[in-house]
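Before any comments, here is the structure.
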There are 2 protein chains.
Amino acid sequence: MKLQQSPSESGLKGAIPAGAKSWVPVQAGSDFPIQNLPFGLACIDHVEEAVVVAIGDQVLDLTALAAEGLLPEEDFPILHCFIDVDKNDLRVLRMLVYDLLREDNSTLRDNMALRKAAFHPISEVEMMVPVEIPSFVDFYAGIYHAGNVGKMFRPDMDPLLPNYRHLPVGYNGRASTVIPSGAPISRPKGQYRPKGVENPVFGPTQELDFELELGFFISDGNEMGEAISVARAEEHILGLVLVNDWSARDIQRWEYQPLGPFLGKSFATSISPWIVTMEALEPFRIEGPKQQPEPLEHLLAAGPAHYDINLEVALRTPSMRQPQVIARSNAKHLYWSIAQMVAHQTSNGTAIEPGDLVATGTISGPDPGSFGSLLELSWNGSKPLRMQETGEERTYLQDGDTLTMRGWCEGHGIRIGFGSLETMIGAVS
Amino acid sequence: MKLQQSPSESGLKGAIPAGAKSWVPVQAGSDFPIQNLPFGLACIDHVEEAVVVAIGDQVLDLTALAAEGLLPEEDFPILHCFIDVDKNDLRVLRMLVYDLLREDNSTLRDNMALRKAAFHPISEVEMMVPVEIPSFVDFYAGIYHAGNVGKMFRPDMDPLLPNYRHLPVGYNGRASTVIPSGAPISRPKGQYRPKGVENPVFGPTQELDFELELGFFISDGNEMGEAISVARAEEHILGLVLVNDWSARDIQRWEYQPLGPFLGKSFATSISPWIVTMEALEPFRIEGPKQQPEPLEHLLAAGPAHYDINLEVALRTPSMRQPQVIARSNAKHLYWSIAQMVAHQTSNGTAIEPGDLVATGTISGPDPGSFGSLLELSWNGSKPLRMQETGEERTYLQDGDTLTMRGWCEGHGIRIGFGSLETMIGAVS
């Protein structure tokens, strides 16, 4: 590979020093300092799809840099799209971009014509789903969420089912309806049985809910029949995004026995636009909760495998000027690590593929203010949320409501953010 | 479109007269008379992937016909592969092939050099999964199967759950592990809890089972947010294949609550190689079972929407010379029609895509000899099957066993068959 710049050895591993600075201005509190450099796919000027990197309040169009010879296009077919996602390519590419953006590198800084062509205000580009997603799998690794659901729906039993602490429960979702931040969703229709009624009806869901999750993209897959070990699982993970696993609770409740969620979930899943790389998240790696009983060997992990990622959900009704934060949680509340999810999913020889999206399940914390769904926040509709600005109440989402999720790591003198995942609820489709 | 032949008007609709004959010899009882002409994707001479049609005991390589100008290649990009599946294209193409194969057409018949290049014995080509499959969805529409499972696992309740007669229950499966007939499967490992033991173990499944199903391929999809009506659903269906939905019962039993089957199914799904078109199946359209209560309007169908397709499962252990038929069933035992499955799946606005594979769920009949899984045939392991030739017993499948599924329609003086779906159980992966 012909590197036009020479990243240092630590750089090749993807670590950007906490003290590094860019000649691109980055506001205090920005999600996108030079230590982050997440990847996305942007539609620029309503025509061109380009692989871009975020820095400060700008996106940097990598295809424009390649056209001018600043990035070796022949080495990075991913410059055109993310269809062939290669983790190593992307790691090296990110470090080349880092070098171009360092405050002491004048190559791009002093090329005003190229800067004009390559940089765009983040507010002016339309971000897309970054990769073609062959499959979407959703886990259930948020133990407080699983416990809350158990308390509500099986009040006489142990809230956690017997399998919960032995394996990461998960299911196959629908990849064809994954949409980007900014794309509105339509209230889905479906069959459900209103409370106290014997026969079901068909119509718009009356219980439209969100689920606060993280998701990760698979870079390299495995051959069918070959398992991926916990120890090697993260080598197959490109990076993380925020995921809103939209749920129609009434449809889900009626359909889900015995084969699990289907149409109550498949109508839409929203993801944030920026793939925050594992390298950028590395400083925020932490120990997860103690797993008791100890997992069986194929799920046994050594060392910290969780991430300290703050998560926040805000709601704005059509009458409100400002969104109100309705939940604050953290990825540390996941019982199972993302490495364990990969190991579990492939433990039976299932082939996973580049671009596969895997989500964690709803990440609730232990306190009511940290619950990651309206099902939990309103305790199955029994405790409506009050909007302070207008006095309105919400159990489930209404048409015109806008839901925003945010995620960020903070510490070591840096902040690594995910940007926002914002979705408006449209009318019935 | 430049048709080099001129199919009659009825021909353009895809109906091939029951009395039609081909100059290609077709043995009595063949699955592939000229009235069938199913499509497949073949690997010929271990190198070339070609779209082929089956007739008698031969496959006809359509790319070879196109190279000689007998099929208008420019009109049929699908000649190279099935990635862009268009139902209308395929319907017209099938009628062009029909015309070339009619006994009174000498064009191909008298071109011995081209016949030599284009025909191959069916036994000498390797058939592949015919299309790239974006998603695999599996329904649960076999009412006798659902009832049997209910009787075994919920003996104190109504065997059918309350939702069963109101909607076709289904779930998202795993598309990346769909494999063709002839490909062996490895016994998957997984986590399960042996009977009478508190803690689960991880190891090769002890309860490897098959499920006898039919599947269909989606031709044209829908836009996200747009439902497909029952009346128009079949316009989106290309044709049918046999499906073996491999199941590891011990893994499935331990993992499936509350989110449904995952690793107990995702390790492999086998399909038969020939897409039997809806046009070929049309003469075998029948009324389905009376649906009581009457479905809600979005699932309400007028007229016969089921198909009279005989189904058969045979098992051969390594010690047996001949396979033994262990189950005989029929697609008429499905409670929900395939049109209702499409309408249901899209009723919430889910986007379905060309190449999507949708399976019916296990098709058991009312009698023990018609059960479509070993779970049912051995009644949860309590009644082992006896192999007449060797006296061996089977509850679940053993390494070295070969399972074969067949399907065919018979009547109106014709037989439309699916060929066979044959799979050997290999050792642990």
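So you know, we letter chains A, B, ... as the sequences are listed, proteins then strands, and number each from 1. The analysis underlying the following values was restricted to heavy atoms, covering all of them including side chains, and did not include hydrogens, waters or symmetry mates.
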Any side-chain heavy-atom pair from [X] and [Y] closer than 4.5 angstrom?
X	Y	answer
Gln257(A)	Pro162(B)	no
Tyr171(A)	Pro261(B)	no
Tyr140(B)	Pro258(A)	yes
Asn199(A)	His166(B)	yes
Phe267(A)	Met224(B)	no
Asn172(A)	Lys265(B)	no

- request: Describe, in one word, how the ring planes of His344(B) and Phe262(A) are oriented to each other, choosing from parallel (under 30°), tilted (30 to 60°) and perpendicular (over 60°).
  value: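 Geometry flag for Phe262(A) against His344(B): tilted rings.
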message: Has Asn348(A) got a side-chain atom pairing as donor or acceptor with Lys189(B)'s backbone, closer than 3.5 angstrom?
response: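 Checking the backbone N and O of Lys189(B) against the side chain of Asn348(A), no donor-acceptor pair under 3.5 Å is found.
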query: Counting distance only, does the side-chain N/O of Ser176(A) pair as donor-acceptor with the main-chain N or O of Ala351(B) below 3.5 Å?
result: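 Confirmed, Ser176(A) side chain pairs with Ala351(B) backbone.
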Tell me which of these, [options], has more heavy-atom pairs under 4.5 Å with chain A than the rest.
options	value
Ala146(B), Ala227(B), Gly221(B), Pro200(B)	Pro200(B)
Glu297(B), His298(B), Gln345(B)	His298(B)
Pro134(B), Ser135(B), Gly173(B)	Gly173(B)
Trp254(B), Phe153(B), Tyr256(B)	Trp254(B)

Is [X] in contact with chain B via its backbone, its side chain, both, or neither, using a 4.5 Å heavy-atom distance?
X	value
Val149(A)	neither
Ile179(A)	side chain
Leu263(A)	both
Leu299(A)	side chain

field: Rounded distance [0.5 Å steps], CG in Leu259(B) versus CG in Leu259(A)
entry: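 These two atoms lie 11.5 Å from each other.
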- request: Find the distance between CZ (Phe202(A)) and CG (Leu167(B)) and round it off to the nearest 0.5 Å.
  value: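 Between atom CZ of Phe202(A) and atom CG of Leu167(B) there are 10.5 Å.
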query: Counting heavy-atom pairs under 4.5 Å to chain B, which of Gly170(A), Ala175(A), Gly190(A) comes out on top?
result: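 Most heavy-atom pairs under 4.5 Å with chain B: Gly170(A).
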message: Within a 6.0 Å radius of atom CZ on Arg154(B), are there more than 12 heavy atoms belonging to other residues, nucleotides or ligands?
response: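 Enclosed.
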Test side-chain hydrogen bond (donor to acceptor under 3.5 Å, both in side chains) applied to Thr350(A) and Arg174(B), step by step: CA-CA 8 Å; Thr350(A) 295; Arg174(B) 181 82 201 169; 5.6 Å; no
